Amino acid sequence: MIFKGLNKYLSFSSLIILGLTATLLISLPAISQPANITLRDLAQEQNFHIGAAVSIKALRNDPTYREVLAREFNMVTPENVMKFKPIHPERDRYDFTAANEIVAFAKANQMQIRGHTLVWHRSLPDWLTETEWTREELMEILRRHIFTVISHYRGDIYAWDVVNEAVGGKDSLRKTIWQQGIGSDYVELAFRWAHEADPQALLFYNDYDGEGLGEKSDAIYSLVKDLLAKDVPIHGVGLQMHKSIKNPPKPEDVATNIKRLGELGLEVHITEMDVQIHNGTGTQEERLVKQAKVYQDILGVCLKAPNCTAFVTWGFTDKFTWIPRAFGQPDFPLIFDKSYRPKPAYQALVEVLSTANH
Ligand code: G3I
(Lines give C-alpha, C1' and ligand atoms only; values in the text may rest on other atoms or scores of the structure.)
Protein backbone atom coordinates (compact mmCIF):
# COMPACT_ATOMS: atom_id res chain seq x y z
CA MET A 1 0.00 0.00 0.00
CA ILE A 2 2.75 2.36 1.09
CA PHE A 3 4.76 1.32 -1.95
CA LYS A 4 1.83 1.89 -4.27
CA GLY A 5 1.44 5.42 -2.83
CA LEU A 6 5.18 6.03 -3.16
CA ASN A 7 5.11 4.79 -6.75
CA LYS A 8 2.28 7.15 -7.57
CA TYR A 9 4.15 10.01 -5.89
CA LEU A 10 7.37 9.15 -7.75
CA SER A 11 5.72 8.97 -11.15
CA PHE A 12 3.92 12.24 -10.44
CA SER A 13 7.16 14.00 -9.42
CA SER A 14 9.05 12.49 -12.41
CA LEU A 15 6.42 14.00 -14.67
CA ILE A 16 6.97 17.39 -13.10
CA ILE A 17 10.74 17.07 -13.43
CA LEU A 18 10.38 16.00 -17.07
CA GLY A 19 8.09 18.91 -17.76
CA LEU A 20 10.45 21.39 -16.12
CA THR A 21 13.44 20.04 -18.04
CA ALA A 22 11.56 20.30 -21.33
CA THR A 23 10.53 23.92 -20.60
CA LEU A 24 14.11 24.76 -19.68
CA LEU A 25 15.47 23.20 -22.87
CA ILE A 26 12.97 25.00 -25.07
CA SER A 27 13.70 28.35 -23.45
CA LEU A 28 17.50 27.92 -23.78
CA PRO A 29 18.98 30.00 -26.65
CA ALA A 30 19.64 27.86 -29.77
CA ILE A 31 23.25 26.73 -30.02
CA SER A 32 24.44 28.75 -32.99
CA GLN A 33 26.93 26.25 -34.39
CA PRO A 34 26.72 22.62 -33.38
CA ALA A 35 29.95 20.69 -33.78
CA ASN A 36 28.60 18.62 -36.66
CA ILE A 37 27.34 21.49 -38.79
CA THR A 38 28.45 21.27 -42.43
CA LEU A 39 29.34 23.86 -45.04
CA ARG A 40 26.32 22.68 -46.96
CA ASP A 41 23.92 23.31 -44.03
CA LEU A 42 25.33 26.76 -43.52
CA ALA A 43 25.22 27.62 -47.24
CA GLN A 44 21.67 26.36 -47.46
CA GLU A 45 20.64 28.76 -44.69
CA GLN A 46 22.07 31.63 -46.77
CA ASN A 47 20.47 30.31 -49.97
CA PHE A 48 24.01 30.12 -51.33
CA HIS A 49 25.87 27.64 -53.54
CA ILE A 50 28.97 26.00 -52.12
CA GLY A 51 30.61 23.60 -54.52
CA ALA A 52 33.60 21.52 -55.48
CA ALA A 53 35.09 20.21 -58.70
CA VAL A 54 34.66 16.45 -58.97
CA SER A 55 37.23 13.93 -60.13
CA ILE A 56 35.48 11.02 -61.80
CA LYS A 57 38.23 8.63 -60.70
CA ALA A 58 37.74 9.55 -57.05
CA LEU A 59 33.96 9.49 -57.29
CA ARG A 60 34.07 5.97 -58.74
CA ASN A 61 36.63 4.51 -56.37
CA ASP A 62 36.51 6.25 -53.02
CA PRO A 63 33.42 5.92 -50.80
CA THR A 64 34.69 8.53 -48.32
CA TYR A 65 35.09 10.99 -51.19
CA ARG A 66 31.45 10.49 -52.14
CA GLU A 67 30.28 10.77 -48.56
CA VAL A 68 32.16 14.02 -47.82
CA LEU A 69 31.20 15.54 -51.19
CA ALA A 70 27.48 15.02 -50.65
CA ARG A 71 27.67 16.06 -47.01
CA GLU A 72 29.57 19.32 -47.43
CA PHE A 73 28.52 20.74 -50.80
CA ASN A 74 25.34 21.60 -52.67
CA MET A 75 27.00 22.16 -56.04
CA VAL A 76 29.47 20.23 -58.23
CA THR A 77 31.59 20.95 -61.29
CA PRO A 78 32.93 18.00 -63.28
CA GLU A 79 36.68 18.70 -63.25
CA ASN A 80 37.43 17.15 -66.62
CA VAL A 81 34.82 14.85 -68.10
CA MET A 82 32.63 17.46 -69.80
CA LYS A 83 35.59 18.91 -71.68
CA PHE A 84 35.72 18.53 -75.47
CA LYS A 85 38.21 15.65 -75.64
CA PRO A 86 36.55 13.24 -73.21
CA ILE A 87 32.96 14.01 -74.18
CA HIS A 88 33.44 14.23 -77.97
CA PRO A 89 36.27 11.81 -78.75
CA GLU A 90 35.47 11.35 -82.45
CA ARG A 91 33.82 13.66 -84.91
CA ASP A 92 30.61 11.64 -84.96
CA ARG A 93 30.78 10.12 -81.49
CA TYR A 94 30.06 11.56 -78.08
CA ASP A 95 30.82 9.75 -74.83
CA PHE A 96 28.61 10.94 -72.00
CA THR A 97 29.33 7.99 -69.68
CA ALA A 98 31.53 9.69 -67.09
CA ALA A 99 29.71 13.02 -67.17
CA ASN A 100 26.38 11.20 -66.74
CA GLU A 101 27.73 9.57 -63.58
CA ILE A 102 28.54 12.93 -62.01
CA VAL A 103 25.18 14.36 -63.06
CA ALA A 104 23.37 11.33 -61.59
CA PHE A 105 25.32 11.66 -58.32
CA ALA A 106 24.50 15.36 -58.10
CA LYS A 107 20.82 14.81 -58.80
CA ALA A 108 20.57 11.94 -56.31
CA ASN A 109 22.03 14.24 -53.66
CA GLN A 110 20.06 17.39 -54.62
CA MET A 111 23.16 19.25 -55.76
CA GLN A 112 23.35 21.87 -58.51
CA ILE A 113 25.75 21.36 -61.40
CA ARG A 114 28.11 23.78 -63.14
CA GLY A 115 28.87 22.54 -66.64
CA HIS A 116 32.55 22.90 -67.53
CA THR A 117 33.43 23.72 -70.30
CA LEU A 118 32.24 24.03 -73.89
CA VAL A 119 34.80 26.23 -75.64
CA TRP A 120 38.42 26.08 -74.55
CA HIS A 121 41.79 25.77 -76.27
CA ARG A 122 42.88 22.82 -74.11
CA SER A 123 41.64 19.24 -73.80
CA LEU A 124 40.84 19.04 -77.50
CA PRO A 125 40.79 15.72 -79.39
CA ASP A 126 43.32 14.96 -82.12
CA TRP A 127 40.60 14.61 -84.75
CA LEU A 128 39.88 18.30 -84.21
CA THR A 129 43.38 19.72 -83.85
CA GLU A 130 45.09 17.68 -86.54
CA THR A 131 42.95 18.73 -89.48
CA GLU A 132 42.86 22.02 -91.37
CA TRP A 133 39.26 23.24 -91.28
CA THR A 134 37.60 26.00 -93.22
CA ARG A 135 35.84 28.70 -91.17
CA GLU A 136 32.46 27.24 -92.10
CA GLU A 137 33.50 23.72 -91.08
CA LEU A 138 34.88 24.86 -87.75
CA MET A 139 31.76 26.89 -87.02
CA GLU A 140 29.62 23.89 -87.77
CA ILE A 141 31.76 21.66 -85.54
CA LEU A 142 31.52 24.10 -82.63
CA ARG A 143 27.82 24.78 -83.11
CA ARG A 144 27.01 21.06 -83.18
CA HIS A 145 29.25 20.35 -80.20
CA ILE A 146 27.63 23.04 -78.08
CA PHE A 147 24.16 22.06 -79.19
CA THR A 148 24.66 18.33 -78.60
CA VAL A 149 26.28 18.62 -75.17
CA ILE A 150 23.92 21.27 -73.82
CA SER A 151 20.84 19.51 -75.20
CA HIS A 152 21.92 16.23 -73.62
CA TYR A 153 21.86 17.91 -70.20
CA ARG A 154 19.04 20.37 -70.85
CA GLY A 155 17.35 21.21 -67.55
CA ASP A 156 20.08 19.54 -65.47
CA ILE A 157 22.79 22.17 -65.56
CA TYR A 158 22.47 25.27 -63.43
CA ALA A 159 25.25 27.22 -65.17
CA TRP A 160 27.60 26.53 -68.07
CA ASP A 161 31.14 27.81 -68.45
CA VAL A 162 30.48 28.44 -72.12
CA VAL A 163 33.80 30.04 -73.00
CA ASN A 164 36.90 29.43 -70.90
CA GLU A 165 40.13 31.45 -70.82
CA ALA A 166 39.65 33.28 -74.11
CA VAL A 167 41.25 36.54 -73.07
CA GLY A 168 44.89 36.91 -74.05
CA GLY A 169 46.69 40.20 -73.57
CA LYS A 170 45.25 43.64 -73.19
CA ASP A 171 42.11 43.98 -75.31
CA SER A 172 42.90 40.93 -77.39
CA LEU A 173 41.72 37.37 -77.50
CA ARG A 174 44.10 34.47 -77.08
CA LYS A 175 45.19 32.97 -80.40
CA THR A 176 43.46 29.63 -80.30
CA ILE A 177 42.06 27.20 -82.82
CA TRP A 178 38.69 28.96 -82.37
CA GLN A 179 39.93 32.52 -82.63
CA GLN A 180 42.16 31.78 -85.61
CA GLY A 181 39.80 29.46 -87.41
CA ILE A 182 36.52 31.33 -86.87
CA GLY A 183 37.55 34.84 -85.84
CA SER A 184 36.96 36.81 -82.66
CA ASP A 185 33.21 36.50 -83.01
CA TYR A 186 33.46 32.84 -81.95
CA VAL A 187 32.86 34.00 -78.37
CA GLU A 188 29.62 35.71 -79.24
CA LEU A 189 28.48 32.82 -81.44
CA ALA A 190 29.17 30.30 -78.70
CA PHE A 191 26.94 32.13 -76.22
CA ARG A 192 24.13 32.51 -78.76
CA TRP A 193 24.26 28.79 -79.65
CA ALA A 194 24.36 27.82 -75.98
CA HIS A 195 21.30 29.92 -75.20
CA GLU A 196 19.42 28.42 -78.11
CA ALA A 197 20.21 24.93 -76.82
CA ASP A 198 19.06 25.60 -73.22
CA PRO A 199 17.34 28.93 -72.65
CA GLN A 200 17.11 28.22 -68.89
CA ALA A 201 20.80 27.67 -68.17
CA LEU A 202 22.93 30.50 -66.85
CA LEU A 203 25.80 31.16 -69.24
CA PHE A 204 29.21 32.16 -67.91
CA TYR A 205 32.53 33.41 -69.20
CA ASN A 206 35.24 31.82 -67.00
CA ASP A 207 38.89 32.86 -66.59
CA TYR A 208 41.91 32.99 -64.27
CA ASP A 209 44.13 35.88 -63.11
CA GLY A 210 41.32 38.36 -63.60
CA GLU A 211 39.88 38.13 -60.11
CA GLY A 212 41.12 41.41 -58.73
CA LEU A 213 41.98 44.59 -60.58
CA GLY A 214 44.51 44.90 -63.39
CA GLU A 215 45.02 44.50 -67.10
CA LYS A 216 43.47 41.08 -67.40
CA SER A 217 40.39 41.78 -65.33
CA ASP A 218 39.93 45.01 -67.33
CA ALA A 219 40.13 42.98 -70.54
CA ILE A 220 37.56 40.49 -69.23
CA TYR A 221 35.35 43.36 -68.12
CA SER A 222 35.42 45.00 -71.57
CA LEU A 223 34.84 41.66 -73.31
CA VAL A 224 31.66 40.96 -71.34
CA LYS A 225 30.53 44.58 -71.53
CA ASP A 226 30.83 44.46 -75.34
CA LEU A 227 28.93 41.17 -75.44
CA LEU A 228 26.11 42.66 -73.39
CA ALA A 229 26.01 45.72 -75.67
CA LYS A 230 25.41 43.32 -78.57
CA ASP A 231 22.60 41.59 -76.67
CA VAL A 232 24.59 38.39 -76.38
CA PRO A 233 23.01 36.08 -73.76
CA ILE A 234 25.67 36.05 -71.04
CA HIS A 235 24.69 35.94 -67.40
CA GLY A 236 27.85 35.76 -65.40
CA VAL A 237 31.60 35.71 -65.02
CA GLY A 238 33.52 32.92 -63.34
CA LEU A 239 36.54 34.01 -61.32
CA GLN A 240 38.68 30.87 -61.13
CA MET A 241 40.81 31.86 -58.12
CA HIS A 242 43.79 29.53 -58.45
CA LYS A 243 45.99 31.28 -55.89
CA SER A 244 48.89 30.82 -53.50
CA ILE A 245 49.76 32.13 -50.05
CA LYS A 246 52.74 33.89 -51.65
CA ASN A 247 50.58 36.03 -53.95
CA PRO A 248 47.15 36.17 -52.41
CA PRO A 249 44.51 38.27 -54.15
CA LYS A 250 43.66 41.61 -52.56
CA PRO A 251 40.15 41.12 -51.13
CA GLU A 252 39.22 44.78 -51.71
CA ASP A 253 40.19 44.50 -55.40
CA VAL A 254 38.14 41.34 -55.83
CA ALA A 255 35.21 43.12 -54.16
CA THR A 256 35.53 46.09 -56.55
CA ASN A 257 35.72 43.78 -59.55
CA ILE A 258 32.66 41.79 -58.47
CA LYS A 259 30.80 45.04 -57.90
CA ARG A 260 31.54 46.47 -61.34
CA LEU A 261 30.46 43.21 -62.97
CA GLY A 262 27.27 43.42 -60.89
CA GLU A 263 26.66 46.91 -62.22
CA LEU A 264 26.59 45.38 -65.71
CA GLY A 265 23.86 43.05 -64.44
CA LEU A 266 26.16 40.01 -64.24
CA GLU A 267 26.41 37.33 -61.60
CA VAL A 268 29.79 36.16 -60.38
CA HIS A 269 30.79 32.66 -59.32
CA ILE A 270 34.10 31.83 -57.68
CA THR A 271 34.64 28.76 -59.84
CA GLU A 272 37.95 27.00 -59.17
CA MET A 273 39.47 28.13 -55.91
CA ASP A 274 42.58 26.48 -54.52
CA VAL A 275 45.48 27.97 -52.59
CA GLN A 276 49.01 26.63 -53.02
CA ILE A 277 51.32 26.66 -50.04
CA HIS A 278 54.57 25.20 -51.43
CA ASN A 279 56.00 28.57 -52.37
CA GLY A 280 55.16 30.29 -49.08
CA THR A 281 57.23 30.78 -45.93
CA GLY A 282 56.89 29.48 -42.37
CA THR A 283 56.21 26.07 -40.88
CA GLN A 284 53.54 23.84 -42.38
CA GLU A 285 51.12 24.93 -39.63
CA GLU A 286 51.78 28.61 -40.31
CA ARG A 287 51.26 28.08 -44.03
CA LEU A 288 47.95 26.35 -43.41
CA VAL A 289 46.82 29.29 -41.30
CA LYS A 290 47.81 31.72 -44.09
CA GLN A 291 45.94 29.52 -46.54
CA ALA A 292 42.85 29.61 -44.33
CA LYS A 293 42.96 33.41 -44.36
CA VAL A 294 42.95 33.50 -48.19
CA TYR A 295 39.90 31.21 -48.34
CA GLN A 296 38.20 33.20 -45.60
CA ASP A 297 38.82 36.55 -47.33
CA ILE A 298 37.46 35.42 -50.68
CA LEU A 299 34.35 33.70 -49.35
CA GLY A 300 33.78 36.78 -47.18
CA VAL A 301 33.99 39.10 -50.19
CA CYS A 302 31.68 36.85 -52.21
CA LEU A 303 29.06 36.62 -49.45
CA LYS A 304 29.03 40.39 -49.05
CA ALA A 305 28.26 40.90 -52.75
CA PRO A 306 24.64 40.28 -53.70
CA ASN A 307 25.65 39.22 -57.25
CA CYS A 308 28.23 36.63 -56.07
CA THR A 309 26.11 33.52 -55.85
CA ALA A 310 28.45 30.52 -55.79
CA PHE A 311 31.78 29.57 -54.27
CA VAL A 312 33.39 26.47 -55.80
CA THR A 313 36.75 24.95 -54.89
CA TRP A 314 38.80 22.97 -57.44
CA GLY A 315 38.51 19.67 -55.62
CA PHE A 316 38.09 19.48 -51.85
CA THR A 317 40.65 17.02 -50.54
CA ASP A 318 44.43 17.21 -50.92
CA LYS A 319 44.19 13.55 -51.91
CA PHE A 320 42.89 14.59 -55.33
CA THR A 321 44.23 17.85 -56.73
CA TRP A 322 45.80 18.87 -60.04
CA ILE A 323 48.40 21.08 -58.33
CA PRO A 324 51.27 18.68 -57.44
CA ARG A 325 51.25 17.17 -60.94
CA ALA A 326 51.13 20.56 -62.63
CA PHE A 327 53.82 22.20 -60.46
CA GLY A 328 56.04 19.15 -60.00
CA GLN A 329 56.09 19.20 -56.19
CA PRO A 330 53.92 18.24 -53.25
CA ASP A 331 51.27 20.73 -52.20
CA PHE A 332 48.16 20.91 -50.06
CA PRO A 333 45.87 23.46 -51.70
CA LEU A 334 42.40 22.35 -50.56
CA ILE A 335 40.20 22.45 -47.46
CA PHE A 336 40.33 18.78 -46.37
CA ASP A 337 43.60 16.90 -45.92
CA LYS A 338 44.40 13.61 -47.63
CA SER A 339 42.54 11.71 -44.90
CA TYR A 340 39.48 13.93 -45.23
CA ARG A 341 40.20 15.75 -41.98
CA PRO A 342 39.03 19.37 -42.11
CA LYS A 343 41.94 21.82 -42.33
CA PRO A 344 42.09 25.36 -40.89
CA ALA A 345 40.76 26.54 -44.26
CA TYR A 346 37.60 24.48 -43.73
CA GLN A 347 37.09 25.98 -40.26
CA ALA A 348 37.61 29.44 -41.74
CA LEU A 349 34.87 28.85 -44.31
CA VAL A 350 32.53 27.56 -41.60
CA GLU A 351 33.17 30.72 -39.61
CA VAL A 352 32.49 33.06 -42.54
CA LEU A 353 29.31 31.22 -43.47
CA SER A 354 28.06 31.18 -39.88
CA THR A 355 28.32 34.93 -39.51
CA ALA A 356 27.35 35.94 -43.07
CA ASN A 357 24.16 37.52 -44.18
CA HIS A 358 24.01 36.98 -47.95
O1 G3I B 1 42.14 10.97 -68.78
C2 G3I B 1 43.53 10.79 -69.10
C3 G3I B 1 43.90 9.39 -68.81
O4 G3I B 1 43.18 8.54 -69.67
C5 G3I B 1 45.42 9.22 -69.00
O6 G3I B 1 45.79 7.95 -68.60
C7 G3I B 1 46.18 10.25 -68.15
C8 G3I B 1 47.67 10.19 -68.36
O9 G3I B 1 48.28 11.41 -68.01
O10 G3I B 1 45.74 11.51 -68.51
C11 G3I B 1 44.37 11.70 -68.26
O12 G3I B 1 44.00 12.99 -68.60
C13 G3I B 1 44.45 14.02 -67.75
C14 G3I B 1 43.22 14.67 -67.12
O15 G3I B 1 43.61 15.82 -66.41
C16 G3I B 1 42.46 13.73 -66.18
O17 G3I B 1 43.24 13.38 -65.10
C18 G3I B 1 45.23 14.99 -68.58
O19 G3I B 1 46.44 14.41 -68.99
C20 G3I B 1 45.52 16.25 -67.80
O21 G3I B 1 46.06 17.24 -68.66
C22 G3I B 1 44.21 16.79 -67.23
O23 G3I B 1 44.51 17.94 -66.50
C24 G3I B 1 43.40 18.76 -66.20
C25 G3I B 1 43.57 20.13 -66.87
O26 G3I B 1 42.54 21.00 -66.46
C27 G3I B 1 43.51 20.01 -68.40
O28 G3I B 1 42.26 19.58 -68.84
C29 G3I B 1 43.33 18.92 -64.69
O30 G3I B 1 43.00 17.65 -64.11
C31 G3I B 1 42.27 19.93 -64.33
O32 G3I B 1 42.29 20.20 -62.95
C33 G3I B 1 42.53 21.24 -65.07
O34 G3I B 1 41.49 22.14 -64.78
C35 G3I B 1 41.63 23.45 -65.32
C36 G3I B 1 40.23 23.96 -65.62
O37 G3I B 1 39.56 23.05 -66.47
C38 G3I B 1 40.27 25.36 -66.24
N39 G3I B 1 41.03 26.26 -65.40
C40 G3I B 1 42.35 25.84 -65.01
C41 G3I B 1 42.30 24.45 -64.35
C42 G3I B 1 43.67 24.02 -63.90
O43 G3I B 1 44.53 23.85 -64.99
Side-chain angles (χ1 to χ4, degrees), residues 51-62 65 69 73 75-90 93-102 113-129 145 149 157 159-168 173-174 176-178 187 190 203-211 216-217 220 236-244 247 249 268-276 278-279 298 310-336:
V54 176
S55 144
I56 185 65
K57 202 176 90 194
L59 190 77
R60 280 179 179 160
N61 302 320
D62 187 337
Y65 182 94
L69 179 64
F73 301 95
M75 178 175 260
V76 294
T77 306
E79 182 176 354
N80 285 308
V81 296
M82 281 185 178
K83 290 173 183 172
F84 207 122
K85 183 174 180 169
I87 214 164
H88 192 170
E90 289 166 41
R93 187 171 70 86
Y94 290 81
D95 182 354
F96 293 110
T97 322
N100 286 353
E101 285 176 53
I102 296 181
I113 304 157
R114 297 193 84 264
H116 177 85
T117 175
L118 295 158
V119 191
W120 194 26
H121 58 282
R122 293 180 60 196
S123 195
L124 296 173
D126 293 347
W127 69 262
L128 174 62
T129 53
H145 174 80
V149 176
I157 304 291
W160 276 104
D161 288 331
V162 178
V163 177
N164 197 42
E165 303 172 7
V167 166
L173 291 183
R174 191 194 288 273
T176 66
I177 179 173
W178 309 116
V187 174
L203 306 181
F204 273 64
Y205 174 77
N206 188 47
D207 214 329
Y208 63 90
D209 277 358
E211 293 88 0
K216 184 142 177 194
S217 80
I220 295 169
V237 172
L239 305 180
Q240 292 188 5
M241 211 61 79
H242 293 291
K243 298 293 166 189
S244 72
N247 294 309
V268 167
H269 289 175
I270 306 300
T271 51
E272 306 187 12
M273 184 153 184
D274 46 27
V275 182
Q276 295 171 41
H278 74 258
N279 56 6
I298 298 304
F311 178 89
V312 180
T313 51
W314 207 237
F316 59 94
T317 162
D318 291 337
K319 190 174 177 186
F320 301 104
T321 159
W322 68 291
I323 298 280
R325 194 164 31 123
F327 291 82
Q329 50 192 316
D331 208 323
F332 310 91
L334 292 163
I335 63 172
F336 287 90

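Quick caveat, the model's predicted, so the values are computed rather than measured. When a ligand or atom number is given, it counts from 1 through the structure's own listing order.
Below 30°, between 30° and 60°, or above 60°: for Trp120 and His116 the angle between ring planes is between 30° and 60°, a tilted geometry. Taking the six-membered ring where tryptophan is involved, the planes of His88 and His145 are essentially parallel, since the angle between them stays under 30° and well short of 60°.
With sequence neighbours left out, Lys83 forms a salt bridge (Lys or Arg N to Asp or Glu O under 4.0 Å) with no residue at all.
Among residues at least two apart or in separate chains, salt bridge (Lys or Arg N to Asp or Glu O under 4.0 Å) pairs with a member in residues 114-124 are Arg114-Asp161.
Judged by the 6.0 Å distance and 45° axis criteria, Lys216 is positioned over the aromatic ring of Tyr208.
Between Trp322 and ligand 1, a contact under 3.5 Å exists for no N or O pair. The shortest N or O to N or O distance between Asn80 and ligand 1 is under 3.5 Å. Any N or O atom pair closer than 3.5 Å counts here, and Glu272 shares at least one such pair with ligand 1. Ligand 1 has an N or O atom lying under 3.5 Å from an N or O atom of Trp314, backbone or side chain.
Looking only at side-chain heavy atoms (C-beta outward), Tyr205 and Val163 come within less than 4.5 Å of each other.
For atom 1 (O) of ligand 1, the nearest protein heavy atom lies 4.0 Å or farther away. There is a protein heavy atom less than 4.0 angstrom from atom 16 (C) of ligand 1. For atom 26 (O) of ligand 1, the nearest protein heavy atom is under 4.0 Å away. Taking a distance limit of 4.0 Å, we find that atom 7 (C) of ligand 1 is approached by no protein heavy atom. Inside a 4.0 Å radius of atom 40 (C) of ligand 1 there is at least one protein heavy atom. Distances from atom 31 (C) of ligand 1 to the protein include at least one heavy-atom value under 4.0 Å. There is no protein heavy atom closer than 4.0 angstrom to atom 12 (O) of ligand 1.
Ligand 1 places these atoms under 4.0 Å from at least one heavy atom of Glu165: 38 (C), 39 (N), 40 (C). Near His242, meaning under 4.0 Å from one of its heavy atoms, ligand 1 places the atoms 40 (C), 41 (C). Under a 4.0 Å criterion applied to the non-hydrogen atoms of Gln240, ligand 1 contributes the atoms 39 (N), 40 (C).
Here the shortest heavy-atom distance to atom 33 (C) of ligand 1, taken over His116, Lys83, Arg122, belongs to Lys83.
Listed for the Tyr65 side chain is no donor-acceptor partner under 3.5 Å among the backbone atoms of Thr317. With hydrogens and angles disregarded, no donor-acceptor distance shorter than 3.5 Å links the side chain of Glu101 to the backbone of Ala99.
Contact annotation for Asn164 and ligand 1: only side-chain heavy atoms (C-beta onward) come within less than 4.0 Å of the ligand. Using a 4.0 Å cut-off between heavy atoms, Arg325 contacts ligand 1 through its side chain alone, with no backbone atom that close.
The side chain to side chain donor-acceptor pair (under 3.5 Å) with Asn206 is formed by just one residue from the set Asn164, Thr117, Thr77; it is Asn164. The side-chain contact (heavy atoms from CB on, under 4.5 Å) test with Val54 is passed by exactly one of Asn80, Val81, Leu69: Leu69.
Listed here is the closest heavy atom pair of Arg174 and Glu165: NE-O, 2.9 Å.
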